[in-house]
Protein chains: 2
Amino acid sequence: MNLFYTTETPGDFFTLNSEESKHIIRVLRMKSGDSIRFTDGKGFFYDCEITDPNPKACQLKLIKKSEGSDKRPFRLHIAIAPTKNISRFEWFLEKATEIGIDRITPIICDHSERKEIKINRLERVIIAAMKQSLKSNLPELNYANNFREFINQPFSGQKFIAYIDDGVKLELSKTYQPTKNALVLIGPEGDFSPDEVQQAINQGFQPVKLGPSRLRTETAGVVACHTINLLSLLQASSLED
Amino acid sequence: MNLFYTTETPGDFFTLNSEESKHIIRVLRMKSGDSIRFTDGKGFFYDCEITDPNPKACQLKLIKKSEGSDKRPFRLHIAIAPTKNISRFEWFLEKATEIGIDRITPIICDHSERKEIKINRLERVIIAAMKQSLKSNLPELNYANNFREFINQPFSGQKFIAYIDDGVKLELSKTYQPTKNALVLIGPEGDFSPDEVQQAINQGFQPVKLGPSRLRTETAGVVACHTINLLSLLQASSLED
């Protein structure tokens with residue numbers, strides 16, 4: 001089953017733009033009466049039926065609106081330095097979206113080799129991953145932030161800075177309190193600078209490590225994302241038992 | 001710090017082949033007296049010193065042999081269908097090696113779109129990931145196996161088949177007993193066929209899901225790998241507390 005994304009909330013009857021219409025009618029060869037499921041990326045699915053298969057202005061009728069089941073009882077925000085090789089960063093965006101994340105902020109750090117990103121391209125990666133994994137919530141992708149400005153912003157929940165240093169003894173998995181909101185900072189290839197670590201600690205971020213392995217930036221992001229989700233899932237299911 | 005891989009166990013004095021010698025002396029511009037760390041991929045590091053920086057036959061002296069700290073108290077074997085787009089499979093190999101895995105078997109399934117793999121290329125991905133994450137154990141990569149032949153092989157530990165089906169209620173994270181050996185089967189893009197699932201169950205594999213999200217093949221592999229490692233780490237550290 002395909003899932004489509006719409007930035008406009010479908011009404012009882014609505015018309016797709018020419019690009020979407022062409023894709024649905026010419027490429028996917030859908031016909032009058034065929035069913036299409038949309039998501040608004042805000043937690044809802046819209047099951048629709050094609051009423052006029054016009055390849056320039058396909059018309060649809062809304063059959064049913066329903067709530068997605070991919071909403072989690074906590075918010076996860078990962079602020080991560082874009083990698084020098086942008087495909088590694090895109091891989092993180094795709095995997096985090098599949099696994100489950102609410103917000104991603106690219107952060108520019110002292111040791112960042114990449115200082116610029118193309119936000120539209122990254123947004124498309126996230127939309128594709130949401131559709132592919134049939135989710136109804138589109139993670140929010142922020143514009144790139146400077147590290148020092150970012151850590152001063154308020155956040156309601158646990159705040160962590162993950163980095164590689166033998167002095168860091170606490171594991172994220174032992175420090176995170178499942179189902180609480182979490183914000184995790186992940187550094188660039190050269191990791192955070194000592195000054196960045198100190199400033200984050202001053203702002204209430206807890207220094208943590210992500211297991212015994214030395215992970216690449218994008219792997220650290222995925223591992224942090226899965227750790228938070230898995231521990232919260234385990235906690236929720238143990239309460240149900 | 002760079003880590004080098006050697007398939008031969010370094011003796012007290014040894015000579016590198018011409019390719020490695022050229023890389024170390026011409027590309028990395030290392031000199032007489034410089035230190036180099038090797039791993040044999042079998043759990044050991046070898047700290048050496050260059051005695052003759054010959055770009056065709058670099059000679060080294062062994063200074064110290066030490067055991068790596070990346071050995072885990074259990075064995076993790078993931079048998080996974082290669083993806084149609086092989087770069088996704090290579091991502092899985094790289095990430096699983098970084099996070100921690102002992103053995104990987106590519107399995108050819110009923111719904112596999114890709115039936116052939118280039119084992120040498122995949123082996124290089126694993127070696128690069130081991131070196132990059134400074135590990136001393138090289139995961140074992142098997143030749144591709146037919147699914148039905150593979151599941152008949154003996155395995156000492158818990159056996160799981162992960163797939164997407166609303167009927168699967170058990171979570172891997174609730175079923176896996178931390179620090180036990182584990183073998184996890186991950187299917188291709190079209191998932192396992194009903195007959196494959198039944199045959200695996202007949203062979204003692206437990207059907208499990210990997211959380212609430214619909215994951216791509218390579219994401220499922222990474223998530224399974226991290227789940228087993230994380231739960232075992234948590235168990236080990238709770239015993240230490």
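A quick note: this is a predicted structure, and the numbers were derived from the prediction, not measured. Throughout, protein chains are lettered first and strands after them, A, B, ... in sequence-line order, and every chain is numbered starting at 1.
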Checking A/R88 against chain B: side chain, backbone, both or neither under 4.5 Å from a heavy atom? both

Could you check which of A/E94, A/E171, A/E218, A/R216 has the highest count of heavy-atom pairs closer than 4.5 Å to chain B? A/R216

Where on A/Q132 is there a heavy atom nearer than 4.5 Å to chain B: the side chain, the backbone, both, or neither? both

On a heavy-atom basis, which atom in A/F89 and which in A/T83 lie closest, and how many Å separate them? N-OG1, 3.1 Å

With only heavy atoms counted, which part of A/L231 is less than 4.5 Å from chain B, the side chain, the backbone, both or neither? side chain

Given heavy-atom pairs under 4.5 angstrom as the criterion, report whether the side chain, backbone, both or neither of A/L233 touches chain B. side chain

Distance-only, no hydrogens or angles: does the B/R75 side chain make a donor-acceptor pair with backbone N or O of B/N181 under 3.5 Å? no

May I ask you to test the B/C109-B/F192 pair for a side-chain heavy-atom distance under 4.5 Å? yes

Describe, in one word, how the ring planes of A/F38 and A/F4 are oriented to each other, choosing from parallel (under 30°), tilted (30 to 60°) and perpendicular (over 60°). tilted

Could you look at A/L230 and say if it's the side chain, the backbone, both or neither that has a heavy atom under 4.5 Å from chain B? side chain

Are a donor atom and an acceptor atom from the side chains of B/T105 and B/H77 found within less than 3.5 Å of each other? yes

Just give me the residue among B/N229, B/D70, B/V223 that pairs up with chain A most often, heavy atom to heavy atom, under 4.5 Å. B/V223

Would you check if B/F92 and B/I186 make a side-chain contact, meaning some heavy-atom pair closer than 4.5 Å? no

